[in-house]
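One structure is given here, and the rest of the page talks about it.
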Number of protein chains: 2
Amino acid sequence: MRVGGARRVDAPTAAAPRHRSRGRVAYTPQSLLAVAVEAFNQRGYDGTSMEDLAHATGITKSSIYHHVRSKEELLRLAVSRALDRLFAMLEQPPACTGRAVDRLEHVVRSSVQVLVDELPYVTLLLRVRGNTDAERWALQRRREFDRQVSAIVRRAVEEGDLRDDVDPRLTTRLLFGMINSVVEWYEPSRTGSATDLADAVMRLAFDGLRRRDTPGMTAELRGQSRSPGGRLVPDEGNGAG
Amino acid sequence: MRVGGARRVDAPTAAAPRHRSRGRVAYTPQSLLAVAVEAFNQRGYDGTSMEDLAHATGITKSSIYHHVRSKEELLRLAVSRALDRLFAMLEQPPACTGRAVDRLEHVVRSSVQVLVDELPYVTLLLRVRGNTDAERWALQRRREFDRQVSAIVRRAVEEGDLRDDVDPRLTTRLLFGMINSVVEWYEPSRTGSATDLADAVMRLAFDGLRRRDTPGMTAELRGQSRSPGGRLVPDEGNGAG
DNA sequence: AGTACACGACCGAACGTTCGGACGGGCAGG
DNA sequence: CCTGCCCGTCCGAACGTTCGGTCGTGTACT
């Protein structure tokens with residue numbers, strides 16, 4: 001049971017179109033990957049056949065194998081791209097120097113940014129279940145990422161900036177559960193910018209959604225900088241898929 | 001590429017074992033479903049073959065078709081179970097009468113409870129992508145659930161109990177992103193009770209994780225009852241899958 | 001001529017599903 | 001008590017289809 005797919009939606013756009021043949025711009029591994037990941041996210045990796053990819057790309061199954069070694073390689077390339085961005089972010093100075101609570105804020109904001117920048121790739125990463133070698137390797141790296149963030153949260157508690165009545169690991173999981181859920185509904189056209197979204201996440205995660213008796217207090221409560229308030233653009237999108 | 005599955009783990013336990021034959025307790029649709037959903041969650045629905053289910057149940061492929069009409073029926077039964085519990089919760093008096101902020105608290109706590117009670121079924125529900133009719137129907141009902149919760153959040157903002165600088169829809173999505181992430185790592189044996197977990201979710205969502213200058217203040221800030229604090233049991237589990 | 005890209009035909013394996021039949025506990029007639 | 005049938009349960013062997021992947025060839029550009 002396949003859901004209909006448009007044939008030859010559009011030619012490879014990104015990543016320096018290489019040679020050309022029969023008037024069509026040739027695929028690069030990257031431009032092919034972009035189409036494939038889109039399909040994987042729509043129907044699921046296992047639910048997407050190479051035939052489906054052929055329809056989505058406008059070339060035949062066999063032609064796809066000219067660019068990539070296997071279906072699994074497409075998956076590996078995709079999750080690598082997401083993971084590389086996430087780990088690169090962890091190694092930036094603001095994420096590993098300074099007060100832990102500030103490092104955490106940077107990690108949260110940057111994670112949202114990466115999620116939005118690399119939406120399809122991160123989406124695919126978050127749905128990996130461990131069926132193949134590539135998937136198990138991705139899961140391992142995700143756990144490593146989780147561990148590093150947990151360490152920052154733990155440190156921020158020790159430094160007295162975060163409340164001490166929550167378990168760091170649990171907090172990290174809930175926090176990133178919130179952040180990661182973005183892939184379920186974010187649409188670049190309808191939703192606000194990544195920065196606005198990151199603001200909303202920070203507000204909810206750090207200050208909670210309960211209204212304080214003295215409005216505006218939370219902003220000056222500590223020296224922390226809050227971006228100038230302002231609600232995000234409301235949208236009438238699909239809430240679940 | 002299949003991940004190994006134990007053969008005939010245990011006979012049908014729940015739901016009144018029916019007749020017996022060949023010394024084995026016979027499967028009921030429910031007990032079969034339990035095994036199938038477990039497999040679906042491990043390998044994904046599309047990634048699980050009927051052969052896999054045969055191994056997991058200890059009976060043959062063809063025998064499975066004695067109990068259910070098709071593979072998709074197993075999926076439909078599973079997601080229905082989860083959705084029915086969620087909607088039943090929304091219709092309980094505490095979820096539809098009284099102050100909106102209190103209703104929201106009930107919805108959040110009950111959702112965590114349902115998630116934990118029906119963990120495998122909700123897990124499967126949350127991974128549905130819309131490939132089949134059953135999946136599309138599930139997505140529709142999820143959206144309806146989301147809409148109803150959003151309405152409560154909006155109302156709570158209007159009643160002045162929640163801060164008004166966040167979009168209700170966005171907040172609902174982030175909130176349930178946090179709650180739903182529970183299915184990614186919750187393990188009944190290792191993690192605390194559902195109530196403890198719900199407490200942690202409520203604390204994080206309503207009061208945020210930033211430490212206040214006057215500790216304990218948030219508890220008395222409003223008349224809201226907070227359960228006696230206390231951190232959740234830390235655990236060393238898998239962080240991603 | 002050489003290279004890059006794409007094609008249609010094809011492969012063995014695995015897929016979900018069907019089918020006729022076999023096993024064996026429960027129950028009616030003796 | 002025993003006998004014999006019934007039916008719920010399960011099985012092995014196939015069905016037609018689709019899977020991921022291969023192969024030899026054609027063609028356009030350098």
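Worth saying up front: this structure is predicted, and the values here are computed from it rather than measured. All chains are named by letter (A, B, ...) in the order of the sequence lines, taking the proteins before the strands, and each is independently numbered beginning at 1.
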Just to verify, what does A:A36 make a side chain to side chain contact (heavy atoms under 4.5 Å, CB included) with, not counting sequence neighbours?
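Only A:F40, A:L53, A:L74 meet the side chain to side chain contact (heavy atoms under 4.5 Å, CB included) criterion with A:A36.
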Between [atom2] on [N] and [atom1] on [X], what's the gap in Å once rounded to a whole number?
X: A:M50; N: C:dG8; atom1: CE; atom2: C1'; value: 16 Å
X: B:E72; N: C:dT17; atom1: CD; atom2: C1'; value: 14 Å
X: B:I59; N: C:dT17; atom1: CD1; atom2: C1'; value: 15 Å
X: B:K61; N: D:dC15; atom1: NZ; atom2: C1'; value: 10 Å
X: A:I64; N: C:dC7; atom1: CD1; atom2: C1'; value: 13 Å
X: B:D46; N: C:dG16; atom1: CG; atom2: C1'; value: 12 Å
X: B:E51; N: D:dA14; atom1: CD; atom2: P; value: 15 Å
X: B:Y65; N: C:dC15; atom1: OH; atom2: P; value: 11 Å

For B:R155, does the CZ atom sit with more than 12 other heavy atoms under 6.0 Å from it, leaving out its own atoms?
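No, CZ of B:R155 has 12 or fewer neighbouring heavy atoms, counting only those of other groups under 6.0 Å.
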Examine [N]: is either OP1 or OP2 under 4.0 Å from a nitrogen or oxygen in the side chain of [X]? Give yes or no.
X: B:T60; N: D:dC11; value: yes
X: A:S63; N: C:dC7; value: yes
X: A:H66; N: C:dC5; value: yes
X: A:S49; N: D:dC19; value: yes
X: A:H67; N: C:dA4; value: no

Base of D:dG20 paired with side chain of A:S70 (donor-acceptor, under 3.5 Å)
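Between D:dG20 and A:S70, which were checked side chain against base, a qualifying N/O pair under 3.5 Å is absent.
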Between the base of D:dG21 and the side chain of A:K71, is one N or O donor paired with an acceptor at under 3.5 angstrom?
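Under the 3.5 Å cut-off, the side chain and the base do not form any donor-acceptor pair.
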What pairs meet the salt bridge (Lys or Arg N to Asp or Glu O under 4.0 Å) rule with one or both residues in residues 29-41 of chain B, with sequence neighbours excluded?
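The answer is none; no pair qualifies.
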Spatial distance of atom OH (A:Y65) from atom CE (A:M50) [nearest 0.5 Å]
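So the OH of A:Y65 and the CE of A:M50 are separated by 3.5 Å.
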Between B:D84 and B:R141, is the closest basic N to carboxylate O distance under 4.0 Å?
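Judged by the 4.0 Å cut-off on N to carboxylate O distance, B:R141 and B:D84 do form a salt bridge.
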